[in-house]
Amino acid sequence: MARTQDEKTPFAAVGSSFDQPELEHGILELWERERSFDALRKKNAGGPRYSFIDGPITANIEAMGIHHAWGRSYKDLYQRYKAMQGFDQRWQNGFDCQGLWVEVQVERELDLNSKRDIETYGIDRFSRACRARVDRSAAAITKHSIRLGQWMDWDNSYYTYSDENISHIWHVLKLCQEKGWLYRGHRAMPWCARCGTALSEHEMTGSYKEMTHTSLYVRFPVLPEGKGAVLAKQRASFLAWTTTPWTLPANVMLAVHPDLDYAKVRVVADGATEPEVLILGAKVFAQTKWHRAELLGTVKGRELLGLRYAGPFDELPVGKTSGPAHRVIAWDEVGEEEGTGIVHIAPGCGAEDFALGRREGAPVIVPIDENAHFATGFGWLDGKEARDVAHEIADDLRRRGLLFREVAYTHSYPICWRCKEEIVFRVDDEWFISMEELRPRLKEAAVKVRWLPAFIGQRMQNWLDNMGDWNISRKRYWGLPLPFYTCATGHFFVIGSERELRERALRGLERLEELHRPWIDEVVVACPECKAESTRVKEVGDCWLDAGIVPFSTLHWLDDRAYWERWFPAEFIEENLEQVRLWYYSQLFFSVVLTGRAPYETVLSNEFVYDESGEEFHKSGENFIDFPQAAERAGSDVVRWYYARHDVAEKVLFGYQVLGGVKRRLLVLWNTYAFFVTYANLDRFDPAQPDVPVARRPLMDRWLLSALERLVRDVRAALDQYDAQTAALRIEAFWDDLSTWYVRRGRRRFWKAESRGDSLAAYQTLYEALTTLIRLFAPMMPFLAEAMYQNLVRGAVAGAPPSVHLTDYPRVRPERIDDELERRMRAAIRVVSLGRAARAAAKTKVRTPLPRLVAVFDEGDRDRGALDGQDALAAIVREELNVKDFEVRDRAEGLVREVVKPELKTLGPRLGKDLPRVRAALAEGRYERRDGRILVEGHELLPEEVLVSHEGEAGHAVAREAGLAVALDTTLTPELEAEGLAREIAHKLNDMRKDARLDIADRIALRFDGEIAPAMERYRDYIAEEILATSMTRGLAGRGHGWSGELNGVSAALEIERA
RNA sequence: GGGCGUUUAGCUCAGCUGGUUAGAGCACUGCCCUGAUAAGGCAGAGGUCUCUGGUUCGAGUCCAGAAACGCCCA
């Protein structure tokens, strides 16, 4: 903060606008120079603890996204809020460092296209490249987070690739093995052929895209065995449909629904001469157009069970395995919405198929290898890419008379979330953790957590209900090495820590740089049972293992349990809501295994960020905005404030237009600040002067201070509930009132003090409001708060803490809250607001004084009785609306008329169906008043059963809102017109001063002429004071800044120059 | 197919336990105020509160059903 310290002015001058990014760079330098964050940590060391745990951000990006900035704004907000209350914190940031996302990125950078390429390149070099990539990304994220204003212990960030993290995971995996939850499963998994690995459930989310595939209707001829003899004679075939033709060579069975009707149809296929018989779902048959078809009969699916058929590729070697198994089986999931009602089952190519195969004891044929190339045993298909052969298979089937129809089919199909290749399904060996025993424990632990917003808790329960066994293995390189070993004689065991590895090692330790492939694979260990040499399995772990262990690894569960106990569980975590199935889940898993409880107490989740038109941000798209761009163009605090005042549960529409709106709001605050500084400097205001006791300050000041205390109370209450939106909106509402009511109303007290004491009270009140306000929003807008603090407090008050972030968060002084005063002020503001509307209706400028304003509050209005037309508030109303007299009346005949309405809450139940009639009669004035009661439509209503309000009579300047009406007496006298003209002249002259670019304190000489002369003479003192004139003479000199024209229809000529 | 959320002005959203004229911000139009003002104020225009049915004297609000959109799971 370059600040020229003029000894005569207490504060550095502040312009009418400000460059937020520039301001922020100044503050970043200040914090860096003064090591402000270190000072904060030192100040709070040993204080009460507040435990926040940072979810690891994926260290695989070049620039922080604006969506990261959202979550990080909250993280920083609440940590700073707690810090200002003296809480000691860990301030540890984390990076997620392993897994497919890093590998895919590095493959791209190194131009590697397959696992074979990686192995040729060398796993060691590949791993080092991955680590380097992570470190580069972490450095960029750190830099951008600092730019966001986030305060963290950046030198102490945790990295999930660390040996400590890995060792902690091993510990838990060994525990799972001991509990019997760990198993090796042979099952069908979604599989990415390019990455050469299975993908887990979490990785499938959001990866379905619309695409078009070749789908085939294929004949499966019935074999003349058992019940099939008759059908076979008729040349009958089952008709089945598939969107994945490459799975047909792996067909083992056909499935039907036992309760559905199936049609036997005689048809002559296109181009065929002989009729044939097809078997397919009856509904499908009925809904399909046929050229020549004849329904022979219908049977239930169960009657088809056990029938045998010839598979489409039985002549290939694989047919020796599948052929004998071909038969029709029952499956309740078969439907007729898609396909033919008969489902082709290939247990080696799909999860459900696999389960059916297992149920039926059928062989599992896995047609493709890791890279989705056909294995041997498939004849002409051997070695071909599965996803490329759809047309070849169709041609082959057509040639052999097995293809009934080929149709392009558009459907939603999964792609790999990282490399965007189409997924296949493949059966292979994978490692799993069984959820059966854990599921109820996880659910129970999750119920005890405070989820914000609450529906996130239900989503977690839903996820846990549906969560299958967790596939934790990936056939990849840069990841957690699974510590699973098998010895030469077949014993299986799990290594539970790095120390255990070192103890069991027979050789290979000397080359173990870190617990990663390939070095870890070279360590040969002794089998605990038979001492035989054992090597590690090749698989690495799911990256959500890495993140889930964080509440233990970063808190040193294994090596410093006392430390862990001090900081576990996290009182608060905050992430995007997609983390339900990711980090929230994986942490919960580890924590329940190790401690039986959840690792967090309050979980705040925010929605996603979209662009201004509601479209998703695409990294490569034109609409993409990364955080560093937004920071330099709009400012971090503008972004942070936008986020703070947003509902966490609503998606954010982000763009420079909305940020412009936020900046405009900040300008209201800034202008109040600039106003204060300008006049405080002119008047040499010294914040160290003794306070004017609050009780002796004018009503306006006491009102503002009461509202300020209320604000402190409300903001603290909101932030204690992690409700930043309410806090931010309250703060904004306060600074709006401060600017547009307190300062605007009280301006003259600052530049034309009637008494020294009143001016001091005004300065002290505004100063307190501003300095309290900046501490209130310091956690949300740390830069702006700091900039204002440095100028308002640090530069002006000896001994003040060097940073706003080292001050205490404001505490409520309840004795300053004056409910009644705030009620009266609200009533006055309502009257003024309505009065302006009445002014507009009367088409009279506020500069023209009017004789009288009458206000009538309705019975039952909460502000009735708050104003009496006599006190300081009445003076405010008179001045604000420029009326000579202000009256508050219970009713005002002639200006407003009485309107009686039924009190629905009491009359509704009493009158029932008569209510609409009574209501109409009251509205039309068809009622009588007698002894305070009201007679209407044969009913007698008590005073408390009606609401009496007032409406303006036509022809008067009146305005009305719910509960209040005001009427303006618009009679103009020559007196009032003359006064109005004087004000008009003063206003014009002040405009001219502005045009002449005079300084606000310059004195001027005024010359004038024209019909305004009488008013000029009569209001000479008033005008001179308003425009700082030292002389006023009739007759122009032709010098200086001049103007002539009409003011309120009166001719005028004016001339001013600096005196 | 199951779960969760959403549907109110051109846009983004408030609307508490049912109640009298459904609000705010942005944008638009007009007027006003202004020696802190890249601000502010007043007003205008803009609504079949997604639809259907029900409960009730009275439904944006409660109940049932439907639809559309989004997310999670299958």
Side-chain angles (χ1 to χ4, degrees), chain A residues 14-18 201 204-206 333 335 337 351-352 453-468 577-578 580-581 607-608 610 612-614 646-647 649-653 657-658 660-661 663-665 667-679 729 732 736 739-741 743-744 747 750-752 832-841 843-847 880 882 899 901-919 922-923 947 949 959-962 986-987 989-994 998-1002 1026-1028:
Chain A
V14 172
S16 67
S17 186
F18 63 112
E201 289 184 41
M204 297 301 291
T205 296
E333 298 300 313
E337 274 68 44
E352 290 163 321
F455 71 81
I456 297 291
Q458 283 164 285
R459 185 175 280 204
M460 177 55 96
Q461 293 294 319
N462 185 248
W463 165 258
L464 291 172
D465 280 335
N466 291 305
M467 172 73 192
L577 57 78
E578 69 180 337
V580 165
R581 68 196 159 84
E607 252 283 353
F608 288 88
Y610 299 82
E612 267 168 333
S613 54
H646 196 85
D647 181 352
E650 285 293 335
K651 63 182 185 180
V652 155
L653 303 185
Q657 223 165 324
V658 291
K663 174 74 188 282
R664 259 209 317 283
R665 296 186 160 277
L667 262 176
V668 173
L669 168 69
W670 184 268
N671 283 324
T672 306
Y673 166 58
F675 169 86
F676 171 84
V677 167
T678 302
Y679 288 97
L729 294 179
E732 255 186 29
D736 269 348
S739 169
T740 63
W741 188 247
V743 171
R744 193 171 56 76
R747 252 180 312 207
F750 294 91
W751 43 274
K752 211 174 274 182
V832 167
S833 170
L834 270 188
R836 278 198 276 255
R839 274 266 181 195
K843 296 195 190 305
T844 59
K845 287 183 195 173
V846 178
R847 278 193 295 277
E880 188 66 21
N882 197 15
V899 176
K901 286 179 179 173
E903 170 61 78
L904 295 173
K905 272 196 175 96
T906 49
L907 281 183
R910 179 154 91 82
L911 300 183
K913 292 204 187 294
D914 284 350
L915 183 65
R917 238 174 53 232
V918 168
R919 202 167 166 182
L922 288 172
L947 296 169
S949 66
R960 152 138 209 100
E961 61 164 36
H987 174 66
L989 284 165
N990 271 328
D991 272 353
M992 290 171 64
R993 287 183 58 115
K994 237 188 210 175
L998 295 180
D999 190 78
I1000 52 170
D1002 285 341
E1026 286 294 312
I1027 65 166
L1028 300 181

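Everything quoted here is computed from the prediction, not taken from an experiment. Chain identifiers are assigned alphabetically (A, B, ...) following the order of the sequence lines, protein sequences preceding nucleic acid strands; residue numbering begins at 1 within each chain.
Only the C1' atoms considered, B/rC31 is 42 Å distant from B/rA68, to the nearest whole Å. With both ends at atom C1', the span from B/rC11 to B/rG46 equals 12 Å, rounded to whole Å. Going from the P atom of B/rA9 to that of B/rA24 covers 14 Å, rounded to whole Å. Straight-line distance between the C1' atoms of B/rA66 and B/rU20: roughly 32 Å, to the nearest whole Å. Between B/rU17 and B/rU61, the two P atoms lie 13 Å apart (nearest whole Å). The gap from the P atom of B/rA39 to that of B/rG44 amounts to 23 Å, rounded to the nearest Å. For B/rA45 and B/rC4, the P atoms lie 43 Å apart once the distance is rounded to whole Å. Rounded to whole Å, the separation between the C1' atoms of B/rG23 and B/rG60 comes to 12 Å.
Counting non-hydrogen atoms of neighbouring residues, nucleotides and ligands closer than 6.0 angstrom, the CD atom of A/E578 exceeds 12 such neighbours.
Atom CG of A/L669 and atom C1' of B/rA36 are 13 Å apart (whole Å). Taking atom CG of residue A/N466 and atom C1' of nucleotide B/rG1, one finds them 12 Å apart after rounding to whole Å. Rounded to an integer number of Å, the gap from A/D465 CG to B/rC72 P is 18 Å. What separates CG of A/N990 from C1' of B/rA36 is a distance of 14 Å, to the nearest Å. If you take CD of A/E607 and C1' of B/rC4, they are 12 Å apart, rounded to a whole angstrom. Counting to the nearest Å, the P atom of B/rG40 and the CH2 atom of A/W670 are 17 Å from each other. One atom, CG of A/L577, and another, C1' of B/rG70, lie 11 Å apart when rounded to the nearest Å. Taking atom CZ on A/R581 and atom P on B/rA74, their separation rounds to 10 Å, with Å as the unit.
Atom CZ of A/R917 sits about 9.5 Å away from atom CG of A/L911, to the nearest 0.5 Å.
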Pairs under 3.5 angstrom, nitrogen or oxygen only, protein versus nucleotides 23-34 of chain B, please.
residue, atom, partner, partner atom, Å
B/rU34, OP2, A/R847, NH1, 2.2

Pairs under 3.5 Å (N/O, protein and nucleotides 55-63 of chain B):
residue, atom, partner, partner atom, Å
B/rC57, O4', A/G912, O, 3.1

Can you pull every protein N or O that's under 3.5 Å from an N or O on nucleotides 9-13 of chain B?
none

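In terms of heavy-atom proximity, A/G912 sits nearest to A/P916 at O-CD, 4.1 Å. Of all heavy-atom pairs spanning A/E1026 and A/N990, the tightest one is O-ND2, 3.7 Å. For the residue pair A/P909 and A/T906, the shortest heavy atom distance occurs at CD-O, 3.4 Å. Nearest heavy atoms, A/A674 versus A/G15: CB-O, 3.7 Å. A/G908 and A/L915 get closest at one heavy-atom pair: CA-CD2, 3.9 Å. The minimum heavy-atom distance linking A/T672 with A/S739 is given by the pair OG1-CB, 3.3 Å.
Evaluation of the side-chain contact (heavy atoms from CB on, under 4.5 Å) rule for A/D991 yields A/H987 as partners, not counting sequence neighbours. A/R664 meets the salt bridge (charged side-chain N to carboxylate O under 4.0 Å, His left out) test with no other residue; sequence neighbours excluded.
A donor and an acceptor atom sit less than 3.5 Å apart, one in the side chain of A/R459 and one in the base of B/rC71. A donor and an acceptor atom never sit less than 3.5 Å apart when one is taken from the side chain of A/S739 and the other from the base of B/rA39.
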### Query
Can you list the steps and then say if A/L907 with A/R919 is a side-chain contact (heavy atoms from CB on, under 4.5 Å)?
CA-CA 10 Å; A/L907 281 183; A/R919 202 167 166 182; over 6 Å; no
### Worked check of side-chain contact (heavy atoms from CB on, under 4.5 Å) between A/V14 and A/F675
CA-CA 8 Å; A/V14 172; A/F675 169 86; over 6 Å; no
#### Entry: A/R665/A/D736 under side-chain contact (heavy atoms from CB on, under 4.5 Å): CA gap, chis, key distance, verdict
CA-CA 9 Å; A/R665 296 186 160 277; A/D736 269 348; 4.2 Å; yes
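The closest donor-acceptor contact from the side chain of A/W670 to the backbone of A/K663 lies at 3.5 Å or more, if one exists at all. Not a single donor-acceptor pair under 3.5 Å links the side chain of A/N462 to the backbone N or O of A/Q458.
Contacts of A/V832 with the nucleic acid, taken as non-hydrogen atoms under 4.0 Å apart, are absent. Across all strands shown, A/I456 has no heavy atoms under 4.0 Å from either base or sugar-phosphate atoms. Using a 4.0 Å heavy-atom cutoff across all strands shown, A/Q461 reaches no nucleic acid atom at all.
Picking from B/rC4, B/rC72, B/rA38 the nucleotide with the shortest atom distance to the side chain of A/L667 gives B/rA38.
Taking 4.0 angstrom as the limit, A/Y679 places a side-chain polar atom (N or O) nearer than this to OP1 or OP2 of B/rA36.
With the 3.5 Å cutoff on both pairing distances, Watson-Crick and G-U pairs in RNA chain B assemble into runs of at least 3 at B:1-7 with B:67-73, B:10-13 with B:23-26, B:28-32 with B:40-44, B:50-54 with B:62-66.
Where A/T740 and A/L989 meet RNA chain B, the nucleotide closest to each residue was compared, and A/L989 sits on the side nearer the 5' end. Toward the 5′ end of RNA chain B lies the nearest nucleotide of A/T906, the other residue of the pair A/T906 and A/E352 mapping further downstream.
A salt bridge links A/E880 with A/R744: at least one charged nitrogen is closer than 4.0 Å to a carboxylate oxygen.
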